[in-house]
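Shown next, in structure tokens, is the structure this report addresses.
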Amino acid sequence: MTDSRLVQTPEPKPGDVLVIGREASVQFAGGRGIRLRVISVDRKQTYDGWVWVAGYVIDRDGDAADRREIFVQRRGLYRLLARTKS
């Protein structure tokens, strides 16, 4: 990840906007990555290093386009920081 607004976030929380790509799961490889606004994180024990995250896919205009629940690797989650006004 080269965007300076991305911060690795292994513990996502509601309200975070995550950039989900191949590092999180192979289903998001090859241009199939998404931005997801988190609405909930399942705290149940799963496979080590994995987590269920529910949220809304954010489209190019910044609008919620689709509700999804995804099973991803924590080490591949990146939070998108808000733009700062200058």
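For the pair I39 and P14, the minimum side-chain heavy-atom distance is 4.5 Å or more. When side chains are defined from C-beta on, R75 counts as touching Q8, because their heavy atoms get closer than 4.5 Å. Within the 4.5 Å cutoff, side-chain heavy atoms of L6 are placed close to those of L80. Under the 4.5 Å side-chain criterion, counting only non-hydrogen atoms from C-beta, W52 is not in contact with V41.
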key: Chi angles and distances behind the side chain to side chain contact (heavy atoms under 4.5 Å, CB included) call for V72, I20   = CA-CA 9 Å; V72 289; I20 310 291; 4.3 Å; yes

ask   = When you look at D16 and L36, which way does the side chain to side chain contact (heavy atoms under 4.5 Å, CB included) test go after all the steps?
value = CA-CA 8 Å; D16 287 348; L36 186 83; over 6 Å; no

Run the side-chain donor-acceptor check on residues 57-68: report pairs under 3.5 Å with partners two or more places apart or on a different chain.
from, atom 1, to, atom 2, distance (Å)
D59, OD1, D61, N, 2.9
D59, OD1, G62, N, 3.1
D59, OD1, D63, N, 2.9

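Within a 6.0 Å radius of CZ in R32, more than 12 heavy atoms belonging to other residues, nucleotides or ligands are found.
Between F71 and Q27 the shortest heavy-atom distance is O-NE2, 4.0 Å.
Criterion: ILVMFWY side-chain heavy atoms under 4.5 Å apart, direct or through other members. Under it, Y56 and L18 are not part of a common hydrophobic cluster. V19 is connected to V17 through a chain of hydrophobic side-chain contacts under 4.5 Å among Ile, Leu, Val, Met, Phe, Trp and Tyr, so both are in one cluster.
Of the residues listed (R5, R35, E23), the one engaging Y78 in a side-chain contact (heavy atoms from CB on, under 4.5 Å) is E23, and it is the only one.
If you take CD1 on I34 and CZ on R37, they are separated by 13.0 Å, rounding to the nearest 0.5 Å.
Taking 4.0 Å as the cut-off between side-chain N and carboxylate O, E11 and R74 count as a salt-bridged pair.
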